[in-house]
Amino acid sequence: MQISRLILIIWHIFGLPLCFAKVYNNFRDLPSKHYDFVIVGGGTAGNVVANRLTENPNFSVLVLEAGGTNANAFEIEVPYFSTRGVQPQFDWNYSTIPQNALNDRLIPMQRGFVLGGSSSVNRMFYTRGSADDYDRFAAVTGDEGWSWKGVQKYLAMNEKFERPADRHNISGQFNPSVHSFTGINAVSLPGFAQNIDSMVFDAVAELGGIFHFNEDYNSGKPLGFSWLQRTVTTQGHRSSSATSYLAPEFIERKNLDVVLNTRVSRVIPSRSNQSSSGLAFRTVEFVHDLDGPRFTVEASKEVILSGGVFGSAHILLNSGIGNSTMLSRLGISPLVNLPSVGQNLTDHPIVETDWLVNSTQTMDDINRNTTVSDEDEAEFNKTGMGPLVDSSAGNQIAFFRVDESLTERYGDPSAGRDSPHLEMIPGNGWSGIPPATGNFFSLGIAVVSPASRGSMTINSTDPFAPPLINPGYFSSPFDIAAMRQAMRIALKYASAPTWKGYILSPFGALANITAASDDDVLDEYIQNSTFSLAHPVGTVAMSAKGADYGVVDPDLRVKGVEGLRVVDASVFPFITSAHTQAPAYVIGERGAELIKANYERG
Ligand SMILES: Cc1cc2nc3c(=O)[nH]c(=O)nc-3n(C[C@H](O)[C@H](O)[C@H](O)COP(=O)(O)OP(=O)(O)OC[C@H]3O[C@@H](n4cnc5c(N)ncnc54)[C@H](O)[C@@H]3O)c2cc1C
Ligand SMILES: *[C@@H]1O[C@H](CO)[C@@H](O)[C@H](O)[C@H]1NC(C)=O
Ligand SMILES: *[C@@H]1O[C@H](CO)[C@@H](O)[C@H](O)[C@H]1NC(C)=O
Ligand SMILES: *[C@@H]1O[C@H](CO)[C@@H](O)[C@H](O)[C@H]1NC(C)=O
Ligand SMILES: *[C@@H]1O[C@H](CO)[C@@H](O)[C@H](O)[C@H]1NC(C)=O
Ligand SMILES: *[C@@H]1O[C@H](CO)[C@@H](O)[C@H](O)[C@H]1NC(C)=O
Ligand SMILES: *[C@@H]1O[C@H](CO)[C@@H](O)[C@H](O)[C@H]1NC(C)=O
Ligand SMILES: *[C@@H]1O[C@H](CO)[C@@H](O)[C@H](O)[C@H]1NC(C)=O
Ligand SMILES: *[C@@H]1O[C@H](CO)[C@@H](O)[C@H](O)[C@H]1NC(C)=O
Ligand SMILES: *[C@@H]1O[C@H](CO)[C@@H](O)[C@H](O)[C@H]1NC(C)=O
Ligand SMILES: *[C@@H]1O[C@H](CO)[C@@H](O)[C@H](O)[C@H]1NC(C)=O
Ligand SMILES: *[C@@H]1O[C@H](CO)[C@@H](O)[C@H](O)[C@H]1NC(C)=O
Ligand SMILES: *[C@@H]1O[C@H](CO)[C@@H](O)[C@H](O)[C@H]1NC(C)=O
């Protein structure tokens, strides 16, 4: 490693092109200007597409990534450090517009600004969603390839189930028959035992009803309490699309180039295409410095936008692809009228609830006491084990449906009877940076089948001005009713006999609240404390071929144009009832296969 770094430095001194280094810091160093495919965004899905397309030596691929490298970033590598939040240098620094239902607060909307995209900064929960979620994708797009049955292949190509770092007996904690051990991206059960592990399941057994054990929530039927799976390797490191799909054996391929620090502004129609009615968008415009000159690169086959839920929609709008009326008013020449661009933005709102506990054996000190943190770091560095190998303070996850009275009253926004509306995440400690004193038990609660929809739009002809992001949290009455119910479920769970003598008292504003409190009391807590679970999707939604809404066809081609696809979490036609990275990997894997099939045919 040291020697190769030395060679690199010498190479730089002599100003030689870095032909063997396949990740470039400046597009001027690229060895070629001719590529079959240009992928915009080296994020979660983008790197999957880059990897799969370059399996065919006949295809050359260029990836343009706005952020910098993930290499040697210890804060990214260590799973537990993700609880400290995304570091600003790896973030797009977005926040929402004022959210009416949340006292007009601006909610931070973190997105990875680094190779690997959000998979380099996320919390690593590996949740596929329900079978119903994918069957709904298939139903609304008219493409069985997106059904639960259809996507099994892509889940298997993605997942490489591994032993956890430091817990050896995992029998009964997952169902091996629903996992793949041969994919690219590492997935594992918790690597560090928490002293509350058994209590979490004891409370479930005591309460019964909606509180029940589920051997494996990734089976397509997520309801109940399960052991949590994360994208963490046996060595206790984060597995991102950058560490897995761009591992050295892949990045070495002669037909793959990745360039960092390259921000794409627009796609441009190359030349009019006589043989088809639509414009062909095969030219990508980008900059190295935001206020510097703009350059272009052309793909001989296709441009693939993988800029994520905000990046891809932003580039389309900058390019004149969107609501033509809105674009004209803004002063951008409309080229393709697709009013759904940016619409139907959907996210999961989350609320934290915390209790003081009669224990010092919680994870709290790691994020507030450097002596403790340094000790854990030393253990991590030496053995790849200890408390830092997990990306949260708890080892379980739970999913619930709301009472039928609610779905009868408001309609059911979930994808089907086996799909959750609510998620609960128990933690042996505060989730994030805790108060200066106290040891905590926490329950994060989220609405994972929300009815609310928002939008993302632009307010400037400057392609680098931040977009206006409005997830529309709680704009639908179902969602606030569901969140109240989630709070009552959390309060009930924390009152199980097992926790007596362990849980001492509810913390902060929760002190005045019980499961019997009035709705307004719960609502005030929800309004003050809701934030984003960081799962926005849907701004470039798929719809059936010929549908009068939607942005991409089920094969992820932008409707009505040539040479342009979108492959990332922006294409979800509905939000999944789970954290969104596994579904984003599915989009990447199937997207790549659809593209390959197109050009390998002949
Ligand atoms: C803090 C956080 C925690 C999360 N926790 C979890 C979790 O625990 N489990 C889970 O399943 N999901 C989680 N998620 C969500 C999940 O990570 C995302 O849904 C998923 O990674 C999105 O993948 P993507 O390919 O759509 O976009 P991204 O992975 O975000 O990739 C987009 C890429 O495009 C680049 N880009 C954007 N615009 C441009 C441009 N103009 N020019 C060039 N490049 C550009 C970006 O820099 C980025 O690299 C979390 C997300 C965040 C941010
Ligand atoms: C690559 O192209 C060559 C020549 O056209 C062809 O024979 C070969 O099958 C192609 N390889 C793949 C993997 O498609
Ligand atoms: C976000 O802010 C940090 C500094 O606080 C900066 O380093 C980073 O480049 C910013 N991200 C973007 C996309 O501008
Ligand atoms: C592993 O755990 C299972 C389930 O808790 C238990 O039945 C089994 O005895 C354990 N095996 C060993 C070797 O400890
Ligand atoms: C023109 O359209 C045809 C048919 O869709 C396609 O095969 C061809 O690659 C396109 N050419 C250009 C230059 O966009
Ligand atoms: C397009 O935008 C205009 C102006 O904001 C709006 O009035 C119109 O409803 C939008 N069109 C569609 C189809 O959404
Ligand atoms: C939003 O999604 C719904 C399906 O949930 C669809 O009927 C509607 O047309 C979409 N709206 C837009 C503007 O795309
Ligand atoms: C930090 O942890 C160490 C080791 O447990 C302890 O001795 C010290 O008192 C703690 N510091 C603070 C400020 O709590
Ligand atoms: C652990 O390793 C990282 C990265 O190599 C280093 O920055 C850090 O100082 C080390 N920590 C300890 C406590 O040794
Ligand atoms: C849109 O941009 C204009 C001009 O920069 C600004 O005055 C206005 O406040 C912006 N609107 C929003 C919602 O940010
Ligand atoms: C805390 O736990 C200890 C035993 O571990 C017990 O003696 C003590 O009474 C408990 N304190 C409270 C306030 O429940
Ligand atoms: C609880 O409610 C009382 C009475 O409304 C109020 O004075 C107190 O500040 C509240 N406590 C917390 C922690 O919010
Ligand atoms: C909610 O926030 C408002 C304004 O900051 C504050 O006055 C109120 O006490 C908070 N209520 C709760 C329950 O936290």
Side-chain angles (χ1 to χ4, degrees), residues 1-2 5 25 40-43 64-82 84-96 106 108-118 120-121 165 195 233 235-238 243 260-265 286-292 307-315 318 356 359-389 429-430 433-440 456 458 460 462-469 534 536:
M1 208 181 203
Q2 295 304 347
R5 187 173 283 174
N25 286 318
V40 176
L64 302 173
E65 167 56 40
T69 181
N70 63 303
N72 304 318
F74 194 55
E75 295 288 331
I76 284 179
E77 197 170 79
V78 181
Y80 201 75
F81 289 164
S82 70
R84 297 173 178 178
V86 182
Q87 288 190 301
Q89 79 261 33
F90 301 127
D91 190 7
W92 279 86
N93 308 315
Y94 290 149
S95 61
T96 66
L106 277 55
M109 290 302 277
Q110 296 169 324
R111 293 287 95 190
F113 174 65
V114 57
L115 194 60
S118 297
S120 286
V121 301
N195 66 315
T233 67
Q235 291 75 32
H237 288 200
R238 174 194 294 272
T243 65
L260 306 174
N261 312 307
T262 303
R263 183 102 53 116
V264 170
S265 42
F286 61 90
V287 299
H288 180 71
D289 301 303
L290 290 194
D291 45 9
V309 65
F310 305 129
S312 290
H314 196 174
I315 291 166
N318 291 340
L356 283 162
S359 165
T360 53
Q361 303 303 302
T362 65
M363 301 286 270
D364 295 297
D365 283 340
I366 301 174
N367 282 346
R368 67 180 175 201
N369 181 324
T370 49
T371 311
V372 171
S373 175
D374 285 350
E375 277 171 17
D376 292 339
E377 221 179 275
E379 181 182 9
F380 180 89
N381 284 0
K382 205 168 151 211
T383 66
M385 293 192 258
L388 302 187
V389 302
W430 193 274
I433 311 291
T437 57
N439 289 84
F440 298 94
M456 188 218 89
I458 56 173
S460 172
D462 171 3
F464 306 120
L468 302 181
I469 297 168

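Only this structure's heavy atoms are used, side chains among them; waters, hydrogens and symmetry mates stay out. As the structure is a computational prediction, the values presented were derived from the model and not from experiment. Order of listing sets the numbers, starting from 1, for every ligand and every atom in it.
Counting heavy atoms only, P88 comes closest to atom 8 (C) of ligand 3 of the residues G67, P466, G68, P88. With distances taken over non-hydrogen atoms, the option nearest atom 1 (C) of ligand 3 out of N93, D91, L290 is N93. For atom 13 (C) of ligand 3, the nearest non-hydrogen atom from the set Y94, F464, F113 belongs to F113.
When only interatomic distances are considered, the shortest N/O to N/O separation between T371 and ligand 8 does not fall below 3.5 Å. Considering backbone and side-chain N/O of N381, one or more are found under 3.5 Å from N/O of ligand 9.
In summary, the side chains of D462 and S460 do not present any donor paired with an acceptor at a separation below 3.5 Å, with no hydrogens or angles considered.
Between G68 and N261, the shortest heavy-atom contact is CA-OD1, 3.8 Å. When all heavy atoms of T243 and R238 are compared, the pair lying nearest together is OG1-O, 3.7 Å. Summarising the geometry of M363 relative to P387, their closest heavy-atom pair is CE-O, 3.4 Å, with the distance given to 0.1 Å. When all heavy atoms of E65 and F113 are compared, the pair lying nearest together is OE2-C, 4.3 Å. For the pair N367 and I433, the tightest heavy-atom approach, listed with the atom from each and the gap, is O-CG2, 3.8 Å.
Under the 3.5 Å distance criterion, the side-chain polar atoms of T383 are left unmatched by any main-chain donor or acceptor of F380.
Each of the atoms 13 (C) of ligand 9 lies under 4.0 Å from some heavy atom of D374. Annotation for ligand 9: atoms under 4.0 Å from non-hydrogen atoms of E377 are 1 (C), 8 (C), 9 (O), 10 (C), 11 (N), 12 (C), 13 (C). Close contacts of ligand 3 with Q89, meaning ligand atoms under 4.0 Å from a residue heavy atom, involve 7 (O). Within ligand 8, the atoms closer than 4.0 Å to a non-hydrogen atom of V372 are 2 (O), numbered from 1 in the order shown.
Put simply, atom 11 (N) of ligand 8 has protein non-hydrogen atoms near it, under 4.0 Å away. Using a 4.0 Å threshold on non-hydrogen atoms, atom 5 (O) of ligand 9 does not count as touching the protein.
For the pair F464/S265, a side-chain contact is recorded, criterion being any heavy-atom separation below 4.5 Å from C-beta on.
Between F81 and F74, the two ring planes are perpendicular [angle over 60°; tilted spans 30° to 60°].
Of the protein's heavy atoms, F74 CD2, 4.5 Å lies nearest to atom 7 (O) of ligand 9. Of the protein's non-hydrogen atoms, N369 ND2, 2.4 Å is the one closest to atom 2 (O) of ligand 8.
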